[in-house]
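Lettering of chains follows the sequences in order, A, B, ..., and the numbering in each one begins at 1.
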2 protein chains.
Amino acid sequence: MPEPDPDATPAVTIYDVARAAGVAPSTVSRAFSRPGRVNAETGERIRQIAAQLGYRARPQARATSPTRSSMLAVVLADLANPVFYELVRGAGSACEAAGYTMMLAETAESAVRERATLERALESVDGLVLTASRISDSAIRQVAKVKPVVVVNRVVPGVPSVVIDVERGTFRSVQHLVELGHETVTYLSGPEASWADGMRWRGLRRAAEELGVRIRRTGPFAPTVNGGVQAAATWAQHRSSAVVAYNDLVAIGFIRGAGRLGVSVPGEVSVVGFDNSAMAELVSPELTTVAAPLHALGRTAAQNVLAMVGGARSQAPEPMQLPTRLVVRETTAPVAG
Amino acid sequence: MPEPDPDATPAVTIYDVARAAGVAPSTVSRAFSRPGRVNAETGERIRQIAAQLGYRARPQARATSPTRSSMLAVVLADLANPVFYELVRGAGSACEAAGYTMMLAETAESAVRERATLERALESVDGLVLTASRISDSAIRQVAKVKPVVVVNRVVPGVPSVVIDVERGTFRSVQHLVELGHETVTYLSGPEASWADGMRWRGLRRAAEELGVRIRRTGPFAPTVNGGVQAAATWAQHRSSAVVAYNDLVAIGFIRGAGRLGVSVPGEVSVVGFDNSAMAELVSPELTTVAAPLHALGRTAAQNVLAMVGGARSQAPEPMQLPTRLVVRETTAPVAG
DNA sequence: TCCTGCCGGGCAAGCGGTTGCCGCTTGTTG
DNA sequence: CAACAAGCGGCAACCGCTTGCCCGGCAGGA
């Protein structure tokens, strides 16, 4: 069905330029790819003619091996999640420093779309950063065989990755709640396929063992504000004095949902988010949350991809760990007497 | 500098596959591109061998005209601006419906980066949606000559575009303020190169004429929360009872800035934003703002690009206009006694 | 039995650009 | 004045893949 484009201008080639300039095609080619090799004057003339003919190099036609495209793809699950701001910004700064252009692709939490995206992007970028990937380890390894890949917040044996210390961060947030006197903590879980969700739960469990706090798991909920609103409804059936949310969005949604139910935060229930996204301090009450070094995360990932593009071996399959930090704001308070 | 990749596996070609399968390269080619043309059995065998050899089609080597990539690029100025959520989501839904993959590129409000991005993306996508473009009309026309382009919220003669009725929306917001008794309105302006900024100001001026309100312009400020904070400082030197901001982000920043100066909203100053982005109802007080049909904007733009990719002539250079709607929330109030 | 037509596969040209090599034109030097 | 080198442009092969054309074989109809 790709009916031939009716208005397809045949596109001007070096041959056209060569004819117009009265030189050989090879000279035109050199005028562009090796300017020193041809007489400065001739080169200038050629480039002039090329320009006014509207000549556009078609680099992918370059004889041998695929050219560098100077583009790097960052694929993420959901743009509406402000977490990705900082992450993307980090990756962006690394790209900019390297003279690269960053392209973003959203997969909407769908494995099939992610596959299609990867398949397509693979051809035109030099490397990829995979965040919140929902496809299988082996599919990722497949991709990594073709182009440099770094996975974010997930470990795939054999593929370089950078992760944040989600477990310890979660542990810290529970510790904080314990210090405030809370004895039961409800976890509002996120997507089951998510690596981070597993780590969060691990942190909770460790806290349960070492700190003697009671933990409860609900969900899974969508990792969005709406998911959080729903979580509030579920929570209301088995209340607890403290809640740890999968991420900031869920936490914010939970607070809104609780508000509608007439439950005050932090008066009646303390809430801790995760990510310290930009929204965390814009909402009120301002959100207590675990700050993930999102910017560093994105930057590190992109830098590593770039290094691999530059020819570095994909070194240490050991995932790089980045530390977290608890940011106490207004949604946590001592347990009500 | 592009030192030859040391670990570059020569990459397997159809010739390798052909040799391994004991057939001619052309047969291998056909086995993939025209499966009906070759014996089903032979084809299957070839595909099998190809797979286990790790053969990957290199579509850009396809002899003639550049293949469809099934990707569409949306280039935008600043990802952190939640306006783009909806817009991108709209474009995304159109792409998905058409089986396309949407790639996003951020230009950070920089014309040179936008140029580089365009230059690179142009090669690998089938069409582009340009939002908040900061480059010249002629540069845009240049791009439009190569690939289908639709411009959002800006009109470029000769290039199809879809815009929202910014002028009328602005007029409406001033009208609302006038009805509340305000007599002077300060405009917190955005980037000068922005088409929307010009339209906003036009709406203000028309309101001044028709409604007899006094208007004042300050700025330009960066179209971000921080820009808004700065705007508050500037405004403080010539206070007015009402403020119209370039967009929601600036409005939110203004409110925070005002708060730090001890000025209450809407008690001492009414504020109207623009865009009705997701944040508008998450902040408190909730923001009065002009709702732009962001989703429709993105969808329409993408649909049109897609139609052009499909061979449709780039029709009516008449920009498509989409209407706005004023959403009154909590940041506007009758002028204080 | 011979002719016809179809099927499946190979040959080779060509897509647009790059590059090794060759040869012509200058200019320099002994 | 001859020998030589450097500079510069052209020729042609080649990159990996597609495709028009051709050819051999086999089956079915006359």
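Protein atom CD1 of I14(B) is 16 Å distant from nucleotide atom P of dC14(D), rounded to whole Å. The separation between F32(B) atom CZ and dG16(D) atom P is 16 Å, rounded to whole Å. Counting to the nearest Å, the P atom of dG16(D) and the CD atom of E123(A) are 16 Å from each other. Per the geometry, CD1 belonging to I46(B) stands 12 Å off C1' belonging to dG10(C), to the nearest Å. We find that CZ of R19(A) is positioned 14 Å from P of dG10(D), with the value rounded to whole Å.
Using a 4.5 Å heavy-atom cutoff, the side chains of V125(A) and L72(A) are not in contact.
Comparing R34(B) and A40(A) by the nucleotide of DNA chain D that holds the closest heavy atom to each, the one mapping nearer the 5' end is A40(A). Remark on DNA chain D: of its neighbouring residues T27(A) and Y15(A), the 5'-side contact belongs to T27(A), judged by nearest-heavy-atom nucleotide.
Phosphate proximity of dG17(C) to S29(A): absent, as no side-chain N or O sits under 4.0 Å from OP1 or OP2.
In summary, R89(A) and E106(B) engage in a salt bridge, as defined by a charged side-chain N under 4.0 Å from a carboxylate O. Between E123(A) and R56(B) there is no salt bridge, since no side-chain N of the basic residue sits under 4.0 Å from a carboxylate O of the acidic one.
Residue contacts for V28(A): at a heavy-atom cut-off of 4.0 Å it reaches no nucleic acid atom on any strand shown.
In this structure, R113(B) contributes its side chain and A108(B) its backbone to no donor-acceptor pair below 3.5 Å. Between the side chain of K147(B) and the main chain of L128(B), no donor-acceptor pair closer than 3.5 Å is present.
The side chain of S26(B) approaches dC11(C) more closely than any other nucleotide in the set dC11(C), dG10(D), dC21(D). Closest to the side chain of T13(B), out of dC17(D), dG9(C), dG9(D), is dC17(D). Here the side chain of N39(B) is nearest to one of dT18(D), dG9(D), dG9(C), namely dG9(C).
Residue-to-nucleotide contacts include a donor-acceptor pair under 3.5 Å from the side chain of R37(A) to the base of dG9(D). Checked by distance alone, R30(B) brings no side-chain donor or acceptor within 3.5 Å of a matching partner on the base of dG8(C).
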